[in-house]
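Protein chains get the first letters and strands the later ones, always in sequence-line order, with residue 1 at the start of each.
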2 protein chains.
Amino acid sequence: MTVSRGPGDKTGGDSLHGLVEERLRQAAQRYTSGRRALVDLLAQAGHPLSIEDIAEQAPRMPRSSAYRHLVDLQQAGVVRRVAANDGYFRFELAEDITEHHHHLVCTYCGQVLDVTPTPAFEQAMNSYLASLTGSSGFVSDDHRLDVLGACATCNRARSARRDQALPRATPQPAGRP
Amino acid sequence: MTVSRGPGDKTGGDSLHGLVEERLRQAAQRYTSGRRALVDLLAQAGHPLSIEDIAEQAPRMPRSSAYRHLVDLQQAGVVRRVAANDGYFRFELAEDITEHHHHLVCTYCGQVLDVTPTPAFEQAMNSYLASLTGSSGFVSDDHRLDVLGACATCNRARSARRDQALPRATPQPAGRP
DNA sequence: TATACACTGAGAACAAGTCTCAATCCAACT
DNA sequence: AGTTGGATTGAGACTTGTTCTCAGTGTATA
């Protein structure tokens, strides 16, 4: 498997913007500069972005516009909204635009990394999902696997000083999560 | 695998309350009637409950108390808070009190069901998680798998009238999700 | 009984995400 | 070039799940 921090395989070159433009057109929407900037951000990040991340990297874009663009792009099948464990939404490009992946969620620093599963594991996953329908009647359209743990950096810090407990990321988010 | 709607294997009888009381004691907290009522609710549900579910089934309990109990129980390692795809939190008993399970999330009616994975799949999962450490340096403590799709009821409705699109659960939650 | 501290209820406060509305942009047509 | 209709945008008000505050109540220990 590969851990990526850049755009997925299918997002290289200009095919990404062509694809997005086509999907927006099918939804009777335009591919304006604001929306293009958002898609660029998501493609370059290579991992789900929070609205805070987006505001940092695109300070000129009002949040209401960012949220609206994300809704529009989601409805056009370009963006997927994922609920992280801290209760805040994060946004990423749809999997059929990048590629199927899972998330490595570091519970110490809060970082989310993308990881592409091995074919062997995806095969096991698919036969498992198929068996669900037989036993429960549940028909699966999609799945999401989040692996919780410590990223390489935090793990090094953790083993460097085993006597001290590392602080966890956002244990009790203040205000409305 | 089994799809459960009742308490997990380890929650039968009175061992559940003894275990919870012990964990609360270790956190210097009491196992009061309000907290016991919440634990009973979660154990009987057998699937993650929203604050709305809890308010329905325990109308006498103020929400502020319910939230506070859930925070306390979470800190004592009794309850786990899960972020559903609609942006609302749901609450369930910790896995080491019930048993390891995954979630079937119906994207039509919003229902969340628990499902216990097959040993074969869990074995594939474990070797996959182990391989992550080698390739990325990420050390996994835990994982969560959510299967998105249509539950048996919604799937029947979906195939009964293929010409009509079924409404999706909370596609655009009004106000603050 | 006295004391200390944990627990509870009621409601205020907070903030992520959504909605409203007036202004602006853009494509298509004349 | 000018018009027109509809999509897009920015600013800010609004909604509402969740957390915080505070005064009052319960409870264990001495």
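- As a whole-Å value, the separation of Arg63(B) CZ from dA12(C) C1' is 16 Å.
- Between dT8(D), dG10(D), dT18(D), one nucleotide has an atom nearer to the side chain of Arg30(A) than all others, and that is dT8(D).
- Contact between the side-chain N/O atoms of His69(A) and the OP1/OP2 oxygens of dT9(D) is found at a separation under 4.0 Å.
- The shortest distance between side-chain heavy atoms of Leu129(A) and His143(A) falls below 4.5 Å.
- Considering only side-chain atoms of Val71(B), the nucleotide from dA6(C), dT19(D), dG17(C) that sits closest is dT19(D).
- For the pair Leu49(B) CG and dT18(D) P, the interatomic distance rounds to 13 Å; values are reported in whole Å.
- A salt bridge does not link Arg80(B) to Asp96(B): none of the charged side-chain nitrogens sits closer than 4.0 Å to a carboxylate oxygen.
- For Thr32(B), a side-chain nitrogen or oxygen approaches OP1 or OP2 of dT8(C) to under 4.0 Å.
- For Glu22(B), the CD atom is densely surrounded, since the number of other residues' heavy atoms within 6.0 Å is greater than 12.
- The separation between Met61(B) atom CE and dG11(C) atom P is 18 Å, rounded to whole Å.
- Rounded to an integer number of Å, the gap from CD of Gln75(B) to C1' of dT19(D) is 13 Å.
- One interatomic measurement links the two molecules: CZ of Arg25(B) to P of dT27(D), which rounds to 16 Å at whole-angstrom precision.
- Between dG17(C) and Tyr67(A), a contact under 4.0 Å exists linking OP1 or OP2 to a side-chain N or O.
- A sub-4.0 Å separation between OP1 or OP2 of dT19(D) and a side-chain N or O of Arg81(B) is present.
- If you check distances only, the side chain of Arg68(A) never reaches the base of dG17(C) with a donor-acceptor pair under 3.5 Å.
- When rounded to the nearest whole Å, the span between CG of Leu24(A) and P of dG6(D) equals 20 Å.
- For Tyr88(A) and dC14(C), the OH to P distance is 15 Å, given to the nearest whole Å.
- Note on Gln29(B): a side-chain N or O is less than 4.0 Å away from OP1 or OP2 of dC7(C).
- In this structure, Leu70(A) places its CG atom 15 Å from C1' of dT9(D), rounding to the nearest Å.
- Positionally, the nearest nucleotide of DNA chain C for Ala28(B) lies more toward the 5' end than for the other of Arg60(B) and Ala28(B).
- Residue Arg35(A) places at least one side-chain N or O closer than 4.0 Å to OP1 or OP2 of dT9(D).
- Salt-bridge formation is detected for the pair Glu52(A)/Arg63(A): a Lys NZ or Arg NE/NH1/NH2 atom is positioned less than 4.0 Å from an Asp or Glu carboxylate oxygen.
- Across every non-hydrogen atom of Ala94(A) and Gly77(A), the tightest pair is CB-O, 3.5 Å.
- Note on Ser64(A): a base of the nucleic acid sits closer than 4.0 angstrom, heavy atoms only.
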